[in-house]
2 protein chains.
Amino acid sequence: MSTRESIPHSETLRVHDRCLCLHAQRAARALARRFDEAFRPLGITSGQFSLLMALNRPEPPRVGDVAAVLAMDRTTLTASLKPLERRRLVVIRPDRDDKRVRRLALTATGRSLLARALPLWERTQAACEALLGDADRTRADLRALD
Amino acid sequence: MSTRESIPHSETLRVHDRCLCLHAQRAARALARRFDEAFRPLGITSGQFSLLMALNRPEPPRVGDVAAVLAMDRTTLTASLKPLERRRLVVIRPDRDDKRVRRLALTATGRSLLARALPLWERTQAACEALLGDADRTRADLRALD
DNA sequence: ACCAATTATGTTGATATCAACTTATTTGTC
DNA sequence: GACAAATAAGTTGATATCAACATAATTGGT
């Protein structure tokens, strides 16, 4: 392999400093760890919290709806539901009218767990916002990327 | 279960709109998908690109160094190296002085692949920056979170 | 009513993620 | 020099992520 085919280290540093994908991954991993830790006493992760929260609606949403809300792959969602279903936090029921559709609903246990998780979220969220100059601006930027 | 134990839907909406963890996860997933797609012709993912780039240094870094740079769990890194090692893009060698330490180095093939990936990164990065008003500000915000 | 296109979802296989635990080596203190 | 503490890294088991492929039900055009 000739030298022509490799990248100088200076270029590596430039990519490393600027790559939005890497910056977003690092921030996402760091935030996930922080929230995971906060929710640990309840035995759920940050992702499971977001998912349970997305299911807390008057009308049980469909799989596709939830995937869209979380900007998550549909098949990832199917997999993520498994442990929650096993723990009886979520029930999956066929739709009344459309037999293709499955409705995702919190159980009473799930709702109760979510209620206990909320104050933990508040605390952690406040701690994270404190790291930012303008959390609303950051949220707007993040939204622009998805 | 009593009603006292559940969260009103309005509260759910507030959490959903404000949660930094969810916003970061969504943005990270969206960016990863975008870069994954760009790198697909080369058979690597966005995460593998970042990892290979992190190894492109004059002195082969140690496992712990790379994990710190990527803000990634050390054991995640060990797992992520496996497919790259299998494809002979990376070699893992014991350190000369400290027998606990393993040095991670790109192979000639790895360096060459990275060089071919760089223009794809440039294009995708530019497209993502175009979504933001001020990419430097966004990067600074993301850095504040990790 | 038929049937092709579309829609909603699931399954499989590979990789990524992290906590908990384990092993091997080095360092520092006496 | 012995040995406890600290350091570097790996393994296991659970969950998360997504592409590729597969299935079943609905819709729309004729």
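Side chains included, hydrogens not; waters and symmetry mates left out as well; all remaining heavy atoms used. Chain identifiers are assigned alphabetically (A, B, ...) following the order of the sequence lines, protein sequences preceding nucleic acid strands; residue numbering begins at 1 within each chain.
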### Message
For nucleotides 19-26 of chain C, give me one character per nucleotide, 5' to 3': B if any protein heavy atom sits under 4.0 Å from the base, S if the only such contacts are to the sugar-phosphate, - if neither.
### Response
BB---BBS

For a quick test of your reading: what N or O donor-acceptor pairs under 3.5 Å do the side chains of residues 21-34 of chain A make, sequence neighbours left out?
unit_1 : atom_1 : unit_2 : atom_2 : d
A:H23  : ND1    : A:C19  : O      : 2.8
A:H23  : NE2    : A:D17  : O      : 3.4
A:H23  : NE2    : B:R143 : NE     : 3.4
A:H23  : NE2    : B:R143 : NH2    : 2.9
A:Q25  : NE2    : B:A28  : O      : 3.0
A:R26  : NE     : B:D146 : OD2    : 3.3
A:R26  : NH1    : B:V69  : O      : 3.0
A:R29  : NE     : B:A71  : O      : 3.2
A:R29  : NH2    : B:L70  : O      : 2.7
A:R33  : NH2    : B:A71  : O      : 3.0

## Note on the structure
Within residues 88-95 of chain B, the residues having a heavy atom closer than 4.0 Å to DNA chain D are none

### Positions of residues 46-55 of chain B (non-hydrogen atom under 4.0 Å from DNA chain D), listed by number
none

### For A:R14, salt bridge (charged side-chain N to carboxylate O under 4.0 Å, His left out) partners two or more places apart
A:E11, B:E122

## Note on the structure
Across all chains, not counting sequence neighbours, the side-chain hydrogen bond (donor to acceptor under 3.5 Å, both in side chains) partners of B:R111 are none

Under-3.5 Å N/O pairs linking protein and nucleotides 2-5 of chain C:
none

Side-chain donor-acceptor pairs of residues 54-61 of chain A under 3.5 Å, sequence neighbours excluded:
unit_1 : atom_1 : unit_2 : atom_2 : d
A:N56  : ND2    : B:I7   : O      : 3.0
A:N56  : ND2    : B:T12  : OG1    : 2.6
A:R57  : NE     : A:A54  : O      : 3.2

### Query
With sequence neighbours left out, what residues match B:T75 under side chain to side chain contact (heavy atoms under 4.5 Å, CB included)?
B:D73

### Query
By side chain to side chain contact (heavy atoms under 4.5 Å, CB included), which residues pair with B:L13, not counting sequence neighbours?
B:H9

Listed pairs under 3.5 Å, donor-acceptor, residues 127-135 of chain A side chains, sequence neighbours left out:
unit_1 : atom_1 : unit_2 : atom_2 : d
A:E129 : OE1    : B:R18  : NH2    : 3.3
A:E129 : OE2    : A:Q125 : NE2    : 2.7
A:E129 : OE2    : A:R139 : NH1    : 2.9
A:E129 : OE2    : B:R18  : NH2    : 2.9
A:D134 : OD1    : A:D136 : N      : 3.2
A:D134 : OD1    : A:R137 : N      : 3.1

### Task
Enumerate the residues from residues 116-126 of chain B whose closest heavy atom to DNA chain D is under 4.0 Å, giving them by residue number; use none for an empty result.
none

